[in-house]
Amino acid sequence: MQKLAQLYEGKAKRVYATEDPELLIVSYKDDATAFNGLKKGTITGKGVINNQMSNRLMARLAEAGVPNHFVRELNERETLVRRVQIVPLEVIVRNIAAGSFSKRYGVEEGVVFKAPTVEYSYKNDELGDPLLNTSHALALELATQEEIATIRSYALQVNEFLKAFWQECGVILVDFKLEFGRTSDGSIILADEISPDTCRLWDAKTHEKLDKDRFRRDLGGVEDAYQEIMRRLNAHN
Ligand code: UDP
């Protein structure tokens with residue numbers, strides 16, 4: 001499958017048209033941003049890791065009953081995906097307090113929740129991705145009630161799958177962000193990526209951070225952390 005016109009360039013990926021109007025090619029970059037683009041950098045090898053990790057997890061999720069956009073890995077950095085219209089919601093699931101949750105509610109990072117939380121942000125860089133609730137999303141006509149119910153249910157299913165999967169790799173799944181899309185027939189499927197850019201992943205024994213927080217917080221060892229988490233994934237099966 002050949003890349004045709006570039007349709008979009010985001011912070012971490014480029015998206016290309018293909019000869020099939022239902023399929024796109026996603027190309028993962030090593031570029032990293034944080035704090036709504038204020039902090040910029042490069043994480044060497046990240047594009048390859050995020051592409052391969054996301055594809056592996058998406059394939060497993062499809063088997064587990066979460067339909068998603070993954071079609072076929074084309075090469076180290078490029079993947080064929082189903083074309084969707086992205087629902088402009090960032091869906092965040094948390095098992096443990098960290099990041100903006102800790103800051104907003106004054107809860108120490110590392111506090112384990114009795115049940116996972118689900119929250120939504122309006123995917124809008126100009127507004128800084130503000131937090132919103134279901135009625136706000138409905139008022140803004142970002143999705144229908146039924147779509148939001150589907151999204152929430154899939155997000156919790158993804159959490160259960162990923163939590164168990166990472167546990168088998170000696171990794172704690174702290175929190176993560178998902179994006180969903182509508183296919184041409186109007187059904188909701190999981191899209192975007194699942195990677196150390198979009199998940200908080202801690203070593204189960206040491207609680208060492210093996211994700212993008214190393215970049216966000218200038219902790220050093222960023223490339224090593226991405227390589228280590230990929231090694232854990234590769235050792236899984
Ligand atoms: N996240 C993301 N993209 C965003 C915001 C958050 O992938 O634009 C992920 C982030 O990596 C973490 C989870 O969502 O795994 C929760 O992030 P949080 O709301 O704590 O925000 P942050 O502290 O990253 O600003």
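Counting convention: from 1, in listed order, for ligands and their atoms alike.
If you look at E90 next to ligand 1, the close heavy atoms, those under 4.0 Å, all belong to the side chain. Contact annotation: for I92 versus ligand 1, heavy atoms closer than 4.0 Å belong to the side chain alone. When heavy-atom distances to ligand 1 are checked against a 4.0 Å cut-off, R94 comes that close only through its side chain, counted from C-beta outward. Contact annotation: for C199 versus ligand 1, heavy atoms closer than 4.0 Å belong to the backbone alone.
Taking 4.0 Å as the cut-off between side-chain N and carboxylate O, K13 and D31 do not count as a salt-bridged pair. Salt bridge D30/K46: absent, no basic N to carboxylate O contact under 4.0 Å. The pair R83-E22 does not count as a salt bridge, with every side-chain nitrogen at least 4.0 angstrom from each carboxylate oxygen. A salt bridge is defined here as a Lys NZ or Arg NE, NH1 or NH2 lying under 4.0 Å from an Asp or Glu carboxylate O, and E228 with R214 fails to meet this definition.
Put simply, the side chain of F113 reaches to within 4.5 Å of the side chain of R94, judged on heavy atoms. Considering only heavy atoms from C-beta on, Y226 stays 4.5 Å or farther from D224 through its side chain.
A cation-pi contact, defined as under 6.0 Å to the ring centre and within 45° of the axis, links K39 to F215.
Listed by atom number, the atoms of ligand 1 under 4.0 Å from R216 heavy atoms are 10 (C), 11 (O), 24 (O). Near F176, the atoms of ligand 1 lying under 4.0 angstrom from a non-hydrogen atom of the residue are 14 (O), 15 (O). Those atoms of ligand 1 with a heavy atom of D175 less than 4.0 angstrom away are 12 (C), 13 (C), 15 (O), 16 (C). Close contacts between ligand 1 and G99 involve ligand atoms 20 (O), 23 (O) [criterion: under 4.0 Å to a heavy atom].
In this structure, D197 counts as a contact residue of ligand 1, since one of its heavy atoms falls inside 4.0 Å of the ligand.
Among K177, K103, K123, K11, the residue whose heavy atom sits closest to atom 9 (C) of ligand 1 is K177.
By the definition of a contact as any protein heavy atom under 4.0 Å away, atom 15 (O) of ligand 1 is in contact.
Hydrophobic cluster membership differs between I172 and I229, with clusters built from Ile, Leu, Val, Met, Phe, Trp and Tyr side chains linked at under 4.5 angstrom.
Looking from atom 17 (O) of ligand 1 to the surrounding protein, the closest heavy atom is R200 NH1, 3.5 Å. In terms of protein heavy-atom proximity, atom 18 (P) of ligand 1 is closest to S100 OG, 3.3 Å.
Atom NZ of K11 sits in a crowded spot, with more than 12 heavy atoms from other residues, nucleotides or ligands closer than 6.0 Å.
For ligand 1, the polar-atom distance check against E119 finds no nitrogen or oxygen pair separated by under 3.5 Å.
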